[in-house]
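Note sheet for the following structure.
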Amino acid sequence: MFILRDLFTGTKRFGELRRAIGSVSQKVLVVLLLFLSACAPKEDVPAVTAKEKPVTLAVATDLHYISPAICDNGETFCTMVEHSDGKAMLYIQEIMETFVAEMTQLQPDAVLLTGDLTLLGAKASHEDMAKLLEQLRTAGIQTLVIPGNHDLDSASALSFSGETYAPTEGVTAEEFVQLYAPFGFDQALSRDEASLSYVYAPRKDLRVLMLDTNAGAWCSVTEETMKWAERQLKAAKRAGAKVVAASHQNMDIHNPRFTWGYQIVGGDDLRALYETYGVLCNLSGHLHNQHIVDGAVPEVATSALSICPNQYGVITYDGETFSYETKELDVSGWAKKKGETDPNLLDFAAYSEEFMTAVNRDKTAQRLADSGLTEEEIALLADTVARLNTAYFSGEAFDLTPYAEGIALWRANGGSDHLESIAAEAAEEYRTLTVTAR
């Protein structure tokens with residue numbers, strides 16, 4: 001008896017086969033060989049059933065983690081945080097532990113972390129982040145990471161202790177890959193030689209293109225990487241697989257005030273490439289606010305995990321429909337299970353919202369200090385912008401009516417571009433997206 005491989009092992013076997021089937025004509029044999037050859041498996045063609053179990057992905061961005069080994073939440077660090085943008089950095093360890101716990105419970109097919117894994121790019125922070133992600137690997141969950149603009153070769157990597165701070169060691173691109181090797185790089189179908197970009201396949205009919213937009217000039221994609229990306233998209237198309245892309249910075253403009261340093265240089269070309277190959281969606285971050293630009297290839301900018309409302313995205317794909325929705329971390333639930341007594345942790349959603357609002361209120365009031373307005377007017381203007389900003393960052397639609405007095409006062413005193421950009425989108429909701437595969 002001959003097995004299939006015997007048909008392709010040379011003339012000797014071929015002769016044996018002819019003798020074995022004696023009465024079969026040469027013409028019939030040729031037809032048989034052509035048939036078997038046509039049925040042979042071809043590279044990149046997956047055996048995908050009509051209906052598979054939906055894929056579940058989670059995406060989080062701008063974690064801005066800092067290791068407790070280099071930060072004691074002392075006076076200097078607290079002062080920096082209170083004059084920043086409202087990230088709940090005093091509880092970043094608890095935020096990350098909650099995230100790990102929720103991912104362990106959710107059991108997604110992959111967790112995508114789209115950059116700014118660390119606050120200032122310190123090596124100690126990357127090392128401890130890798131330890132946190134190792135918990136997910138132990139739970140059987142694949143994590144995929146790419147760097148953001150804060151993660152590599154950081155000249156501002158600092159450690160904090162009491163009233164002092166000091167420079168500390170950062171990481172190079174090579175060290176980043178070594179630290180995070182189990183979190184995408186070693187599991188990649190293909191890796192780009194010109195950047196830290198790679199492709200991962202959670203199943204045969206879906207691929208995730210993790211695009212590094214910080215390898216060349218900041219917030220850009222090199223020509224070599226674009227060519228590599230197109231090759232990966234062609235390969236996916238040949239294989240009958242759809243693609244979800246991810247980057248740190250944004251392919252599209254999400255707010256007219258935030259373009260340079262936010263939209264990827266060549267973002268329009270990238271969008272055109274993705275549209276040509278039917279990419280389902282691009283997932284990004286960097287802005288810190290939750291926002292969606294819809295279109296032939298929509299882009300979701302997931303809000304920073306470190307900032308109110310401390311949310312991440314959950315994606316399902318069933319072979320036909322791609323769905324995205326946000327989910328807020330339940331830090332308070334985690335804290336109660338851990339027996340924590342800190343009141344800020346036990347009502348973390350309220351704490352995080354008020355902290356972000358307070359930071360932006362104080363910054364706005366300081367900018368208006370020499371405006372000639374009364375203290376009451378400054379207080380109203382600062383509170384209006386701060387609360388609207390917090391609402392806008394959540395991606396949830398909100399009512400402008402309660403802020404009418406403050407908005408009118410702003411407009412009567414020269415206006416605010418930031419306030420107007422928020423007001424223009426107040427009625428929109430950016431927490432969900434559904435896309436039908438083309």
So how far is it from Met96 CE to Asp128 CG, rounded to the nearest 0.5 Å?
11.0 Å

Determine yes or no for a side-chain-to-main-chain donor-acceptor pair under 3.5 angstrom, with Asp192 supplying the side chain and Tyr198 the backbone.
no

Check step by step if side chain to side chain donor-acceptor pair (under 3.5 Å) holds for Asp109 and Thr56.
CA-CA 5 Å; Asp109 294 280; Thr56 300; 4.5 Å; no

Quick one, Tyr351 with Leu346, criterion side chain to side chain contact (heavy atoms under 4.5 Å, CB included). Give me CA distance, side-chain angles, the key distance, then yes/no.
CA-CA 9 Å; Tyr351 161 79; Leu346 297 177; over 6 Å; no

Can any side-chain N or O of Asn73 pair as donor or acceptor with the backbone N or O of Leu90 at less than 3.5 Å?
yes

Gln249 and Cys219 have their tightest heavy-atom pair at CG-SG, 3.5 Å

With the side chain counted from C-beta on, respond yes when His291 and Glu428 share a heavy-atom pair under 4.5 Å apart, and no when they do not.
no

Does the pair Glu223/Lys227 count as a salt bridge with the N-to-O cut at 4.0 Å?
yes

Do you know which two heavy atoms are closest between Val243 and Leu206, and how far apart they sit?
N-CD1, 4.5 Å

Please step through side chain to side chain contact (heavy atoms under 4.5 Å, CB included) for the pair Trp228 and Glu193, ending with a clear verdict.
CA-CA 9 Å; Trp228 170 86; Glu193 294 182 358; over 6 Å; no

Side-chain contact, heavy-atom cut-off 4.5 Å: Ser195 with Thr222?
no

Verify whether the ring centers belonging to His288 and Phe393 lie closer than 6.0 Å.
no

Short question: side chain of Ser332, backbone of Leu345 - any donor-acceptor pair under 3.5 Å?
yes

Between Trp334 and Leu329, is there a side-chain heavy-atom distance shorter than 4.5 Å?
no

Report yes or no: does Ser154 contribute a side-chain atom to a donor-acceptor pair with the main-chain N or O of Asp151 at less than 3.5 Å?
no

Roughly how far, to the nearest 0.5 Å, is the CD1 atom of Ile66 from the CE atom of Met89?
6.0 Å

Nearest-0.5 Å distance that lies between atom CG in Asp116 and atom NE2 in His64:
4.0 Å

Starting from the C-alpha separation in whole Å, work towards a yes-or-no answer on side chain to side chain contact (heavy atoms under 4.5 Å, CB included) for Leu119 and His150.
CA-CA 7 Å; Leu119 180 64; His150 286 286; over 6 Å; no

Side chains of Ser394 and Arg431 in contact at under 4.5 Å (non-hydrogen atoms):
yes

For Asp370, does the CG atom sit with more than 12 other heavy atoms under 6.0 Å from it, leaving out its own atoms?
no

To the nearest 0.5 Å, atom OG1 of Thr114 lies from atom CG of Leu211 at 11.5 Å

Donor-acceptor contact present, side-chain Glu299 to main-chain Met251, <3.5 Å:
yes

Keeping Ser159 on the side-chain end and Thr168 on the backbone end, is there a donor-acceptor pair under 3.5 Å?
no

Backbone N or O of Thr434 within a donor-acceptor pair of the Ser323 side chain at under 3.5 Å?
no

Taking the side chain as C-beta and beyond, is there a heavy-atom pair between Leu209 and Val279 under 4.5 Å?
no

Please confirm whether the ring centroid of Phe176 lies under 6.0 Å from the ring centroid of His126.
yes

Counting heavy atoms not belonging to Lys237, are there more than 12 under 6.0 Å from its NZ?
no

Using atom types as modelled and distance alone, determine if a side-chain donor or acceptor of Thr259 lies under 3.5 Å from a backbone N or O of Pro256.
no

Leu287 and Ala301 have their tightest heavy-atom pair at CD1-CB, 4.1 Å

Given Asn344, Asn310, Thr390, the one that forms side-chain contact (heavy atoms from CB on, under 4.5 Å) with Ser352:
Asn310

Stepwise, does the side chain to side chain donor-acceptor pair (under 3.5 Å) test hold for Tyr324 with Thr302?
CA-CA 10 Å; Tyr324 169 99; Thr302 300; 2.9 Å; yes

To the nearest 0.5 Å, tell me how far Asn214 CG sits from His286 NE2.
8.0 Å

Could you check if a side-chain atom of Asn255 sits within less than 4.5 angstrom of a side-chain atom of Asn289, using non-hydrogen atoms only?
no

Once rounded to the nearest 0.5 Å, what's the spacing between atom CZ of Phe183 and atom CZ of Phe185?
11.0 Å

Could you give me the CA-CA distance, side-chain angles and deciding distance for Asn389 and Met356, then say whether side chain to side chain contact (heavy atoms under 4.5 Å, CB included) is met?
CA-CA 9 Å; Asn389 191 67; Met356 180 179 179; 3.7 Å; yes

With side chains defined as the heavy atoms from C-beta onward, is the minimum distance between Phe348 and Ile95 less than 4.5 Å?
yes

Over 12 non-hydrogen atoms of neighbours within 6.0 angstrom of NZ in Lys327:
yes

Any idea which heavy atoms bring Thr164 and Thr76 closest together, and the distance?
N-OG1, 3.4 Å

Would you call Lys338-Glu94 a salt bridge at under 4.0 Å N-O?
no

Considering only heavy atoms from C-beta outward, does the side chain of Ser284 approach that of Asn282 to under 4.5 Å?
yes

Which atoms form the tightest heavy-atom contact between Ala58 and Pro108, and what is the distance?
N-CB, 4.1 Å

Between Arg137 and Glu134, is the salt bridge (Lys or Arg N to Asp or Glu O under 4.0 Å) condition met? List the steps.
CA-CA 5 Å; Arg137 192 161 79 104; Glu134 184 63 30; 3.1 Å; yes

Closest contact, heavy atoms only, Gly115 versus Thr61
O-OG1, 3.8 Å

Classify the ring geometry of Phe160 against Tyr165: parallel below 30°, tilted from 30° to 60°, perpendicular beyond 60°.
tilted

Contacts of Arg411 meeting side-chain hydrogen bond (donor to acceptor under 3.5 Å, both in side chains) (sequence neighbours excluded), chain-then-number -> Glu420

Would you find a donor on one side and an acceptor on the other, under 3.5 Å apart, between the side chain of Gln290 and the backbone of Glu429?
no

Flag, side chain of Asp212 to backbone of Leu196, donor-acceptor distance under 3.5 Å:
yes

Just checking, is any N or O donor in the side chain of Glu174 or Gln178 under 3.5 Å from an acceptor N or O on the other one?
no

